[in-house]
There are 2 protein chains.
Amino acid sequence: MIDPAPAALTARKTPRQSRAKVTLDAIFEAAIQVLIRDGMASLTTTRVAERAGVSVGTMYQYFPNKQALIYALNARYLEALAERIEATCQSQHGAAINQMIDALIDTYWRAKTERAEATRALYKSVVEMDNDALVQRFAARTNEATRAMLISAPNVQFRSPDITHLTLVTVIFGAVRNVFERNLDPPDAEALRVELIAMCQAYVAAARL
Amino acid sequence: MIDPAPAALTARKTPRQSRAKVTLDAIFEAAIQVLIRDGMASLTTTRVAERAGVSVGTMYQYFPNKQALIYALNARYLEALAERIEATCQSQHGAAINQMIDALIDTYWRAKTERAEATRALYKSVVEMDNDALVQRFAARTNEATRAMLISAPNVQFRSPDITHLTLVTVIFGAVRNVFERNLDPPDAEALRVELIAMCQAYVAAARL
DNA sequence: GAATTATATGAAGGATCATTCAGCTTTTGG
DNA sequence: CCAAAAGCTGAATGATCCTTCATATAATTC
C-alpha cells in the first residue's frame with residue numbers, strides 16, 4: 001500500500017565530509033526561508049543556492065532535481081513530527097484517557113506553533129508537490145502510535161475502538177491544522193485549544209461502552 | 001479587513017453573446033479537468049485552451065493572465081459553496097441545536113463528496129495560488145451564517161457563545177476536509193461522518209450553561 | 001607530498017510557457 | 001443587407017529557469 005520514495009526523488013549522494021553536512025543544512029534552511037518569503041511558485045534553484053551561499057551546481061550534487069529538494073525537505077519535517085508524536089504516545093501509554101487526549105493535542109499544537117510560518121510554508125509545498133505518498137506514510141505512522149496509546153487506557157471499553165480512534169485522530173489533526181491555516185489571533189487560538197480538548201473528552205465519555 | 005479582488009486578477013471582460021458564455025464555461029470546465037488530471041504544476045494556458053476547444057487567445061480575452069483564471073475558478077466554487085451553507089443555515093434557523101449540527105455537517109459533507117476529485121484539485125490550486133483573501137472572504141461569510149443559526153437555537157444558553165461557535169465551525173470544517181484529503185474509503189468515511197455529528201452534539205451538551 | 005576522492009563553481013544550453021497582436025469570422029442591430 | 005461590435009485565431013516573442021559539465025579547489029589517504 002505504502003510506496004517507498006521514488007528513485008527520481010532520492011538524494012544523489014550523502015555528504016562524507018563535515019563541510020558538506022554544513023552545506024546541506026544551509027540548503028535546507030535556505031529553501032525554508034525562500035518558501036516563507038516568496039512561496040513555492042517563486043522558489044528557484046538559483047534563489048535557494050544564493051540564500052544558502054553556495055552555487056547552483058552544489059545543490060545538484062545532492063539532489064537530482066528541484067523536486068527532490070522539496071521532497072527531502074518535507075520528508076525531514078514529517079520525520080521529526082512523527083517522532084515527537086510517537087514519543088508522546090509512548091510516554092502516555094497506560095495513562096488516563098483524558099490525559100492522553102490532552103497530551104496528544106498539546107504535542108501537535110506545540111509542533112505547529114513553534115515555527116508557525118515555516119510549518120505553513122512547508123505544508124503548502126507538500127500540497128503543491130502532490131506528494132501523497134509522503135503524507136500517507138506519516139499518517140500510517142502516527143495512526144499506529146496513537147492507536148496503541150488509546151487502547152492502552154485502563155478502565156475504558158469503547159463500543160468500536162477503531163472508529164473512535166479514527167475519529168479522534170481525524171478531528172484533532174484536522175481542527176488544529178485549520179486553526180493555523182485560518183491564522184486565528186492568539187487569544188482565540190488558545191481558547192480553541194482548550195475547547196478542542198473538552199470536545200474530545202466529551203466525545204470519549206459518550207463513546208464508552 | 002477583507003480586501004476585494006485585486007485588479008490584476010479580475011476578469012477582462014464579460015461575455016455579451018451566448019456563444020461567449022459557452023466558451024467561458026468550457027474554459028472553466030477544462031481548467032478543472034486539467035487540474036484533476038495533471039495538477040497545478042502542469043496546467044498551462046495552452047493545455048486548458050486545447051481541452052476547452054478554443055485557442056489561447058480566446059482565454060486572454062476574458063482573463064488578463066493565468067492567475068486570474070485560477071482565481072476566478074476558485075471564486076466561483078467558493079461562491080457556490082457559501083451559498084449552499086447559507087441556505088442550510090437559514091433553513092435551520094430556530095431549529096433544535098442537534099438538528100442544526102446534523103444539517104451543517106451534512107451540507108458541507110455533501111458538497112465535498114459530490115465532485116470529490118474536483119474539490120481536491122481546486123483546493124490544491126487555492127493553496128498554491130496563495131490566495132488567502134479569497135478563503136478569508138469565504139470564511140467570513142460562512143462564519144456570519146453559522147453564527148446567526150446557532151444563536152437562534154431555542155432553549156440553549158452557552159457559557160461563551162462565540163467560542164463555542166468558533167470551535168464548532170473550526171472542528172467541523174477541519175475534520176471534513178481532513179477526511180477528503182486522507183481519502184478514506186467510503187465505509188470509514190461514513191462512520192466518521194456519524195461520529196463527527198455525535199462528537200459535536202456531545203460538545204454542545206457539555207458547553208451549555 | 002602525491003594521488004585520490006570529495007566538494008564546489010557558474011556560464012551556457014535548451015526547454016517550457018505565458019502573453020501579445022494583427023488579421024479573420026460570426027453575430028447583432030438597424 | 002451592411003456596418004459595427006463581439007468573438008476567435010495561433011504563430012511569434014521573450015522571459016524564466018532548470019540542469020549540465022568542464023574546471024577548480026579542498027580534504028583525505030597512504
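Values below: all heavy atoms of this structure, side chains included; hydrogens, waters and symmetry mates excluded. Naming convention: chains lettered A, B, ... in sequence-line order (proteins, then strands); numbering from 1 in each chain.
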Engineer: Without decimals, in angstroms, what is the distance between B:Lys66 NZ and C:dA18 P?
Structural biologist: 4 Å
Engineer: Atom NZ of B:Lys21 to atom P of C:dT26: distance rounded to whole Å?
Structural biologist: 20 Å
Engineer: Using a cut-off of 4.0 Å on non-hydrogen atoms, how would the nucleic acid contact of A:Gln61 be classed: base, sugar-phosphate, or nothing?
Structural biologist: base
Engineer: Taking atom types as modelled, find out whether B:Gln90 and B:Glu86 have a side-chain donor-acceptor pair closer than 3.5 angstrom.
Structural biologist: no
Engineer: Judged by each residue's nearest nucleotide on DNA chain D, which is more toward the 5′ side, B:Gly57 or B:Thr14?
Structural biologist: B:Thr14
Engineer: Atom CE of B:Met59 to atom C1' of D:dG7: distance rounded to whole Å?
Structural biologist: 15 Å
Engineer: Whole Å only: how far is the OH atom of A:Tyr62 from the C1' atom of C:dA6?
Structural biologist: 8 Å
Engineer: How about A:Pro186 and A:Asp188: do any of their side-chain heavy atoms sit closer than 4.5 Å?
Structural biologist: no
Engineer: What is the distance, to the nearest angstrom, from the CZ atom on A:Arg19 to the P atom on D:dA27?
Structural biologist: 5 Å
Engineer: Less than 4.0 angstrom from a charged side-chain N to a carboxylate O is my criterion; do A:Arg120 and A:Glu181 meet it?
Structural biologist: no
Engineer: Taking the minimum atom-to-atom distance to the side chain of B:Val56, which one of C:dT19, C:dA8, D:dG7 wins?
Structural biologist: C:dT19
Engineer: On DNA chain C, nearest-nucleotide positions of B:Thr44 versus A:Arg16: which is more 5'?
Structural biologist: A:Arg16
Engineer: When you measure from the side chain of A:Arg47, which nucleotide among C:dT9, D:dC17, C:dT28 comes out closest?
Structural biologist: D:dC17
Engineer: Rounded to whole angstroms, how far apart are OH on B:Tyr60 and C1' on C:dC21?
Structural biologist: 14 Å
Engineer: What contact category does B:Leu69 fall into here, base, sugar-phosphate, or nothing, at under 4.0 angstrom with non-hydrogen atoms?
Structural biologist: nothing
Engineer: Counting only side-chain N and O atoms of B:Ser55, is one of them less than 4.0 Å from OP1 or OP2 of D:dC8?
Structural biologist: no
Engineer: Starting the side chain at C-beta, find the nucleotide from C:dA18, D:dT28, C:dG10 nearest to B:Thr45.
Structural biologist: C:dA18
Engineer: Report yes if the side chains of B:Leu196 and A:Thr170 come closer than 4.5 Å at any heavy-atom pair, otherwise no.
Structural biologist: no
Engineer: CE of A:Met40 versus C1' of D:dC17: gap in Å, rounded?
Structural biologist: 13 Å
Engineer: Which residue is it: A:Trp109, A:Phe180, A:Tyr123, A:Tyr108? I am looking for the one with a ring-ring contact (aromatic ring centres under 6.0 Å, His included) to A:Phe173.
Structural biologist: A:Tyr108
Engineer: Could you tell me how far apart A:Leu24 (CG) and C:dT7 (C1') are, to the nearest whole angstrom?
Structural biologist: 12 Å
Engineer: Whether A:Thr58 contacts C:dT7 is assessed here as follows: a side-chain N or O lying under 4.0 Å from the phosphate OP1 or OP2. Is that the case?
Structural biologist: no
Engineer: Between D:dC8 and B:Thr23, is there an OP1 or OP2 to side-chain N/O distance shorter than 4.0 Å?
Structural biologist: yes
